[in-house]
> 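What follows is a single structure, and I will ask about it in a moment.
All chains are named by letter (A, B, ...) in the order of the sequence lines, taking the proteins before the strands, and each is independently numbered beginning at 1. Treat the numbers as computed from the prediction; the structure is a model and nothing was measured. All heavy atoms count here, side chains included; hydrogens, waters and symmetry mates do not.
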There are 2 protein chains.
Amino acid sequence: MNDNRGNLLEEIRQRLETLNKSERKVATVIMRDPNSAIRLTITALAQEAGVSEPTVNRFCRGFDERGYPDFKLRLAQSLAGGMPYVTRNVEFDDSTEEYTDKIFSSTIAAIDSARKTLRPPVITRAVDYLSQAKQIFFFGMGASGPVALDAQHKFFRLNIPVMAYEDALMQRMVAAGAHTGDVIVIISYTGRTRELVEIAGIGRESGATVIGITTEHSPLAKECTLLLSVPSQEDTDIYMPMTSRLIQLTMLDVLATGVTLRRGVDFQRYLKRIKDSLAPTRFANE
Amino acid sequence: MNDNRGNLLEEIRQRLETLNKSERKVATVIMRDPNSAIRLTITALAQEAGVSEPTVNRFCRGFDERGYPDFKLRLAQSLAGGMPYVTRNVEFDDSTEEYTDKIFSSTIAAIDSARKTLRPPVITRAVDYLSQAKQIFFFGMGASGPVALDAQHKFFRLNIPVMAYEDALMQRMVAAGAHTGDVIVIISYTGRTRELVEIAGIGRESGATVIGITTEHSPLAKECTLLLSVPSQEDTDIYMPMTSRLIQLTMLDVLATGVTLRRGVDFQRYLKRIKDSLAPTRFANE
DNA sequence: ATAATGTATGTCAAATAACTACAAAAAGGC
DNA sequence: GCCTTTTTGTAGTTATTTGACATACATTAT
């Protein structure tokens with residue numbers, strides 16, 4: 001819906017040869033300092049270019065715009081600083097400002113790229129399973145442990161029996177004792193932890209639905225009923241998992257939201273009640 | 001020269017609470033469909049919002065703009081790049097694709113806005129404290145509990161004695177028993193949990209350095225030696241904390257990275273050794 | 001060479017949009 | 001409940017854009 005015709009500035013440059021004398025004057029003025037051009041009125045721009053106002057207007061229409069204001073709007077968009085959410089690695093001589101910015105940028109870039117690889121039908125299926133689950137278990141080890149706990153926290157509010165386990169032995173026992181209708185969500189960045197791969201198999205044998213939040217094509221992914229794939233972040237997480245956790249967490253936010261929506265509008269009142277129950281533990285708001 | 005003040009849409013959303021009735025109407029109309037809003041005249045927008053034209057004009061000036069046209073220009077720039085980093089709230093009739101996209105977008109927008117409010121000198125000081133700490137404790141309750149655990153995980157790798165506590169009584173005891181040179185990091189979204197505010201005070205009395213990762217001007221913030229402020233996300237987290245955790249986590253990534261850098265280049269070898277220690281627990285990489 | 005035609009550009013007026021000053025209404029404090 | 005302050009709207013003013021039309025210039029045909 002967004003009329004994202006290419007960069008306007010680029011288009012002007014390309015068509016420069018095609019334009020007639022006066023229109024070329026207008027183009028030149030705009031290209032010389034586009035950032036100022038967007039703040040000029042048609043009168044000012046016309047004067048600047050030494051042409052008449054209607055000429056500017058005609059020039060604008062030549063670029064498939066309704067008139068000068070629309071043209072300016074599109075020009076402004078072309079100029080808007082593209083987002084520099086690039087993944088750059090932290091260097092050992094970075095200043096505080098530099099590494100802070102790099103980490104934030106990489107994080108944003110990672111989440112953005114995760115968003116692009118998402119497949120809504122898969123999420124819908126995951127939400128189907130979760131909202132019909134008799135019980136939900138979240139398994140995560142190491143850095144994914146806290147993610148599992150966070151998920152427990154979130155799903156608990158949804159009035160579903162839910163537990164998180166970080167311990168491999170507990171996970172194994174729970175998986176072995178699971179029933180049809182139970183859902184086990186296994187969170188693992190690498191998808192290669194032997195223990196978890198085995199546990200996934202055990203869970204499935206017990207009849208549980210096993211949802212994996214992990215890397216595509218990994219051994220764990222193959223053992224799961226349903227895979228929510230997290231793109232692997234090549235460079236960033238060399239020595240510590242950073243962005244991967246955040247993507248997993250966001251994914252779980254999406255799932256929790258999906259389940260909430262299935263509950264219907266009335267459920268919001270229940271959520272509010274849970275939230276309000278915390279009020280006495282807090283200082284009043286302002 | 002390009003006045004790239006932050007994403008305007010985001011700013012509107014943040015300041016939504018601050019606005020008065022009529023101005024909020026205007027904000028709502030703009031946020032509902034920003035892409036159309038930029039094509040409206042002040043008259044049309046006023047009518048759409050059910051307010052008078054001067055109200056719209058005043059609204060624009062409230063955002064440090066000279067008037068409506070300039071406001072529109074900046075709005076257009078915020079929308080550019082086809083990438084709507086707009087925070088739109090999830091509606092009850094959203095499709096999977098819609099709510100997924102909204103959550104990812106809000107998350108990205110929130111982290112981006114957090115990035116902009118960061119003050120590098122404060123981070124430097126936090127890293128100073130942390131890298132010289134005899135011991136580090138991370139305290140978090142409720143949704144911030146998993147964040148504290150994640151931090152423990154991360155700082156453990158940095159070869160620092162570190163513990164995370166979710167339990168208020170343990171926190172209280174640890175705070176009371178802390179010494180000068182110990183650092184207590186308290187993570188709280190609201191900054192209003194009575195228990196934690198008290199604990200912060202106790203920790204400081206014991207001589208520990210108390211770093212708060214919480215909302216500015218909150219009771220907790222006032223009790224801390226150093227405040228790392230997390231911008232509060234009014235709308236998004238109504239019924240569940242979502243973006244706040246992610247910002248806290250990213251903040252902790254930054255701190256952990258800062259401490260790592262202080263350790264010097266050799267330290268990387270140590271980190272690699274820790275990472276490699278996990279290899280036997282995993283299936284080989286391809 | 002000149003008339004005829006078409007294109008390019010400008011002038012001016014009408015319409016539209018944005019802003020200002022002021023007045024009315026609503027909200028808040030005493 | 002009255003006064004003060006804040007919020008919102010009305011009406012008039014100014015600025016901006018656009019459209020209709022006219023003129024100038026170039027091109028081609030006679």
> Under a plain distance cut-off of 3.5 Å, with no hydrogens placed, do B:Thr250 and A:Thr107 share a side-chain donor-acceptor pair?
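Per modelled atom types, A:Thr107 and B:Thr250 side chains form no pair under 3.5 Å.
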> What integer distance in Å separates B:Arg58:CZ from C:dC19:C1'?
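Atom-to-atom, B:Arg58 to C:dC19, this comes out as 11 Å.
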> Quickly work out the A:Arg39 CZ to D:dT16 C1' distance and round it to whole Å.
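Rounded to whole Å, this separation is 17 Å.
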> Using a 3.5 Å cut-off and no angle test, enumerate the donor-acceptor pairs between side-chain atoms of residues 201-214 of chain B and protein atoms at least two apart in sequence or in another chain.
| from | atom 1 | to | atom 2 | distance (Å) |
| --- | --- | --- | --- | --- |
| B:Arg204 | NH1 | B:Glu223 | O | 3.4 |
| B:Ser206 | OG | B:Ala175 | O | 2.7 |
| B:Ser206 | OG | B:Ala176 | O | 3.3 |
| B:Ser206 | OG | B:Ile202 | O | 2.9 |
| B:Thr214 | OG1 | B:Ser188 | O | 2.7 |
| B:Thr214 | OG1 | B:Gly191 | N | 3.3 |

> Please state whether the phosphate of C:dT9, meaning OP1 or OP2, lies under 4.0 angstrom from any side-chain nitrogen or oxygen of A:Ser22.
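Answer is yes, contact under 4.0 Å.
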> Quick check: on DNA chain C, is the nucleotide nearest B:Tyr68 upstream (toward 5') of the one nearest A:Ser52, or the reverse? Name the residue that is more 5'.
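Between the two, 5'-proximity favours A:Ser52.
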> In whole Å, what is the span from the CG atom of B:Asn20 to the P atom of C:dA25?
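One finds 19 Å between P of C:dA25 and CG of B:Asn20, rounded.
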> Of the options C:dC19, D:dG9, C:dA17, whose atoms approach the side-chain atoms of B:Pro69 most closely?
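Shortest atom-to-atom distance from the side chain points to C:dC19.
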> I need the CG-C1' distance between A:Asp70 and C:dT16, as an integer number of Å.
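Distance, rounded to whole Å: 14 Å.
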> What integer distance in Å separates A:Glu65:CD from D:dT17:P?
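Atom-to-atom, A:Glu65 to D:dT17, this comes out as 14 Å.
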> At under 4.0 Å, does any side-chain N or O of B:Thr41 touch on OP1 or OP2 of C:dT16?
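Checking C:dT16 against B:Thr41, no side-chain N or O comes under 4.0 Å of OP1 or OP2.
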> For atom CZ of A:Arg119, decide whether the heavy atoms of other residues, nucleotides or ligands shown that lie under 6.0 angstrom number more than 12.
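At most 12 heavy atoms, drawn from other residues, nucleotides or ligands, come within 6.0 Å of this atom.
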> Provide, to the nearest angstrom, the distance between the CD atom belonging to A:Gln47 and the C1' atom belonging to C:dG10.
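A:Gln47 atom CD is separated from C:dG10 atom C1' by 15 Å.
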> So, using ring-ring contact (aromatic ring centres under 6.0 Å, His included) as the criterion, who are the partners of A:Tyr99 when residues are at least two apart?
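Residues passing ring-ring contact (aromatic ring centres under 6.0 Å, His included) with A:Tyr99: none at all.
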> Please check if any side-chain donor atom of B:Thr215 sits under 3.5 Å from a side-chain acceptor atom of B:Arg192, or the reverse.
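On atom types as modelled, these side chains do not qualify, holding no pair under 3.5 Å.
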> Counting only side-chain heavy atoms from C-beta out, which of C:dT9, D:dT18, C:dA18 sits nearest to B:Lys72?
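For B:Lys72, the side-chain atoms sit closest to C:dA18.
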> In whole Å, I'd like the distance from the CD atom of B:Glu23 to the C1' atom of D:dG9.
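Going from CD in B:Glu23 over to C1' in D:dG9 covers 13 Å.
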> Between D:dT17, D:dA20, C:dA17, spot the one nearest the side chain of A:Pro54, thanks.
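From the listed options, D:dA20 comes nearest.
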> Separation of A:Asn57 atom CG from C:dT11 atom P, in whole Å?
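Going from CG in A:Asn57 over to P in C:dT11 covers 16 Å.
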> Select one nucleotide: of C:dC19, D:dT18, D:dT8, the one nearest the side-chain heavy atoms of A:Glu53.
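When the side chain of A:Glu53 is considered, D:dT18 is the closest of C:dC19, D:dT18, D:dT8.
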> What's the closest nucleotide to the side chain of B:Lys21 if the choices are D:dT18, D:dT8, C:dT20?
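Ranking D:dT18, D:dT8, C:dT20 by closest atom to the B:Lys21 side chain puts D:dT8 first.
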> Considering only D:dG9, C:dG10, C:dT20, which nucleotide approaches the side chain of B:Arg61 most closely?
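Comparing D:dG9, C:dG10, C:dT20 against the side chain of B:Arg61, the answer is C:dT20.
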